[in-house]
Amino acid sequence: MKDSFKEKVYKITRAIPKGYVATYGQVAEMAGNKAGARAVGALMRANPDAPNTTCHRVVADDGNLTGYSAKGGIERKKAMLLAEGVKFSGNKIDLSKSGWKNPV
DNA sequence: ATTTTGACTTAAG
DNA sequence: GCTTAAGCCAAAA
């Protein structure tokens, strides 16, 4: 299988359970490139599989919401995550409660 | 093929 | 605590 870096990133992003979020660095590391956090963001922006790839469950390492090219932007993403049960700390995600880690 | 940009992260000032 | 700089990777121009 030709799982390129981006395909892995999309797959991993899709694998994030509802109510949880993963950081770009985390996804990048799972995809095989620990330093590819930026690349992950770039791929999310491309997001060819938008309704299939839950790109809104990927956030910055600090739990801060960044990017989101779609309509509504950050506010929309925040509302969406909050509706899924993600715990927010003010205007950021509480990674201590909603931080996702891949169970192998 | 080379250069630029970007939804990152960490370190230093 | 916030701003600036540098390092990393991949896609787009």
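Chain identifiers are assigned alphabetically (A, B, ...) following the order of the sequence lines, protein sequences preceding nucleic acid strands; residue numbering begins at 1 within each chain.
- Rounded to an integer number of Å, the gap from CZ of A:R45 to C1' of C:dA13 is 11 Å.
- Ion pair A:K11/A:D3 not flagged as a salt bridge, since none of the NZ, NE, NH1 or NH2 atoms sits closer than 4.0 Å to an Asp/Glu carboxylate oxygen.
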task = Could you summarise the pairing of DNA chain C as dot-bracket text, marking Watson-Crick and G-U pairs under 3.5 Å with ( ) or [ ] inside the strand and | across strands?
result = .||||||.|||||
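- Here the straight-line distance linking atom NZ of A:K78 with atom NE2 of A:H56 works out to 14.5 Å at 0.5 Å rounding.
- One atom, CG of A:L81, and another, P of B:dA7, lie 18 Å apart when rounded to the nearest Å.
- Atoms CZ and CG, on A:R38 and A:N33 in that order, are 14.0 Å from each other to the nearest 0.5 Å.
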request  = Using a 4.0 Å cut-off on protein heavy atoms (strictly under), produce a 5'-to-3' string for nucleotides 8-13 of chain B with B for base contact, S for backbone-only sugar-phosphate contact, and - for none.
outcome  = BSS---
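- Going from atom NZ of A:K8 over to atom CE of A:M30 covers 12.5 Å, rounded to the nearest 0.5 Å.
- Rounded to an integer number of Å, the gap from A:K34 NZ to C:dG7 C1' is 13 Å.
- Note: NZ (A:K6) to P (C:dA12) measures 7 Å, nearest angstrom.
- Expressed to the nearest 0.5 Å, how far OH of A:Y20 lies from CD of A:E84 amounts to 12.5 Å.
- The phosphate of C:dC8 has neither OP1 nor OP2 within less than 4.0 Å of any side-chain N or O from A:N33.
- With a 4.5 Å cut-off on side-chain heavy atoms, A:T23 and A:V58 do not count as touching.
- We find that CE of A:M44 is positioned 12 Å from C1' of C:dA11, with the value rounded to whole Å.
- Taking CD1 of A:I93 as the start and NZ of A:K77 as the end, the distance is 7.0 Å to the nearest 0.5 Å.
- Look at CG on A:L65: it is 14 Å from P on B:dA7, rounded to the nearest Å.
- Two residues are said to be in side-chain contact when any heavy atoms from C-beta on lie closer than 4.5 Å; A:V9 and A:E7 fail this criterion.
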